[in-house]
Amino acid sequence: EIVFARTTPEQKLSIVNAFQNRDNVVAVTGDGVNDAPALKAADVGVAVVSGSDVAMEAADLVLMGNFDSIVGGIRLGRLVFQNLQKVIAYLLPAGSWSEIWPVIMNTYLGVPLPLSSFLMIIICCFTDLSPCLSLIMEKEEFDLLTLPPRNHKKDHLINLKIYTQAYFFIGVMETVIAHSMFFLYMWKYAHIPARDLFLAFEKYSDGFHGYTQDELNHFNAVGQGVYFVTVVILQWGNLLSVRNKRLSILQADPIRPKRRNPWIVAGAILAFLIAIFVTEVRGIQRLFGTASVPVEFWLIPLPLALGILFMDEIRKLLVRTFPKGPLAKIAW
């Protein structure tokens with residue numbers, strides 16, 4: 001720490017410029033006329049309401065209380081930043097990764113479209129909305145003031161580590177499971193094995209495996225509903241895992257007072273109700289081509305969602321056990 005005493009306005013401005021030239025983000029507090037140049041030049045100028053009019057005019061923020069509120073503001077700012085990262089990490093696996101692969105499977109491998117564009121929109125705009133909003137209400141995992149200042153040029157809101165976690169870990173598991181459920185339905189109810197669906201392309205039409213076009217369309221609509229319901233339920237496991245970057249759910253569950261977040265449960269229930277509404281209401285089925293999902297395909301994804309949570313728990317355990325290991329280096 002360095003203390004400067006009896007500095008002139010020019011010297012205060014020079015100090016601010018010196019830090020900025022070293023790529024530091026500078027915050028300046030002041031209340032007098034002499035502080036105005038430094039307040040104006042700083043990245044964040046903070047004046048107090050009891051200070052001079054010139055200082056308040058030059059500042060970016062005016063504190064209505066005392067300087068102690070700055071500490072609380074920094075803590076909340078870091079909490080918001082981390083919670084936004086958790087929201088992004090939650091949305092990416094289902095909102096993009098698990099939606100682009102059905103299109104790839106259909107376009108390049110000839111598989112009947114496992115997820116309709118309407119159900120993709122429902123995932124992005126409805127079933128994922130309430131759970132991700134609940135993550136905004138998360139409390140801090142640890143004392144965020146112990147973290148070093150963030151490098152504003154490198155430490156962005158979204159980074160390669162988040163992409164890796166969302167796409168290549170959680171996203172891969174959700175996509176593989178959802179497609180497996182789609183193929184399982186087609187095999188069990190339509191008696192069409194997965195190998196016949198690959199490279200089907202235009203062969204998936206009237207006469208395919210002895211079915212009419214209407215029957216094939218019905219099987220595909222139900223299969224799309226199965227894929228959709230599977231993704232919605234698998235996101236419950238992702239929701240519980242993404243709450244903590246390092247801590248186990250046994251250390252920080254959403255029930256106990258320290259990290260209690262009742263909105264998590266409410267968000268998951270609302271997403272489930274939306275899924276029921278979209279797939280089971282007759283009017284929606286006629287209007288958007290959805291179909292009722294067999295009961296077992298509402299139940300099978302439940303333990304699989306716990307499996308996703310369990311896999312992420314193993315990842316966190318390895319990161320905590322080997323903090324300097326290769327897995328810890330790419331952990332978000």
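- Closest non-hydrogen pair, D206 versus T212, comes out as OD1-CA, 3.2 Å.
- The two atoms that bring F208 and D196 nearest to each other are CZ-O, 3.5 Å, heavy atoms only.
- In this structure a side-chain-to-backbone donor-acceptor pair under 3.5 Å is present from N83 to I136.
- Neither L113 nor Y204 shares a network with the other; the hydrophobic side chains, linked directly or stepwise wherever heavy atoms of I, L, V, M, F, W or Y lie under 4.5 Å apart, form separate groups for each.
- A donor-acceptor distance shorter than 3.5 angstrom exists from the side chain of E280 to the backbone of V293, with no hydrogens or angles considered.
- With K161 contributing its side chain and K329 its backbone, the two residues share a donor-acceptor pair below 3.5 Å.
- Using modelled atom types, one side-chain atom of R150 and one backbone atom of D155 make a donor-acceptor pair closer than 3.5 Å.
- Using modelled atom types, one side-chain atom of R78 and one backbone atom of L147 make a donor-acceptor pair closer than 3.5 Å.
- Between the D31 side chain and the A47 main chain, no donor and acceptor come within less than 3.5 Å of each other.
- Between the OG1 atom in T164 and the CD1 atom in I170 there is a gap of 12.5 Å [rounded to 0.5 Å].
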Could you go step by step and tell me if W101 and E174 meet the side chain to side chain contact (heavy atoms under 4.5 Å, CB included) rule?
CA-CA 11 Å; W101 276 102; E174 289 192 359; over 6 Å; no
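- A side-chain donor-acceptor contact under 3.5 Å links R22 to the backbone of A18.
- In terms of the side chain to side chain contact (heavy atoms under 4.5 Å, CB included) criterion, residue partners of R195 (sequence neighbours excluded) are, by chain and number, P193.
- In this structure, F169 CZ and S241 OG are separated by 8.0 Å, a value rounded to the nearest 0.5 Å.
- Taking all atoms of both residues into account, the shortest heavy-atom contact from S134 to L239 is OG-CD1, 4.2 Å.
- Ring planes of Y189 and Y185: parallel class, angle under 30° (limits at 30 and 60°).
- Looking at Y227 and S98, their side chains never bring a donor and an acceptor atom within 3.5 Å of each other.
- Contact detail for Q235 and Y90: the closest heavy-atom pair is NE2-O, 3.1 Å.
- Side chains of Q213 and S205: a donor-acceptor N/O pair is absent below 3.5 angstrom, by distance only.
- Here the closest non-hydrogen pair linking T290 and T279 is OG1-CA, 4.4 Å.
- The line from NZ of K316 to CG of D312 is 4.5 Å long, rounded to the nearest 0.5 Å.
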Check step by step if ring-ring contact (aromatic ring centres under 6.0 Å, His included) holds for F183 and F198.
CA-CA 10 Å; F183 291 128; F198 281 93; 5.4 Å; yes
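- Taking CD1 of I233 as the start and CG of L302 as the end, the distance is 5.0 Å to the nearest 0.5 Å.
- Within the 4.5 Å cutoff, the side chain of W97 has heavy atoms near those of the T175 side chain.
- Q20 places a side-chain N or O within donor-acceptor distance of the main-chain N or O of A41, the cut-off being under 3.5 Å.
- Contact check for M186 versus V226: no side-chain heavy atoms found under the 4.5 Å cut-off.
- Note that the CG atom of N34 and the CD atom of E10 stand 9.0 Å from one another [nearest 0.5 Å].
- In D53, the CG atom is not crowded: 12 or fewer heavy atoms of neighbouring residues, nucleotides or ligands sit closer than 6.0 Å.
- Pairs of residues two or more places apart, or lying in two chains, that qualify as salt bridge (charged side-chain N to carboxylate O under 4.0 Å, His left out) and include a residue from residues 223-246 are E138-R243.
- Judged by distance alone, the side chain of D35 and the main-chain N or O of G32 form a donor-acceptor pair under 3.5 Å.
- Listed here is the closest heavy atom pair of P254 and L240: CG-CD2, 4.3 Å.
- With values rounded to the nearest 0.5 angstrom, L216 atom CG is found 9.5 Å from H209 atom NE2.
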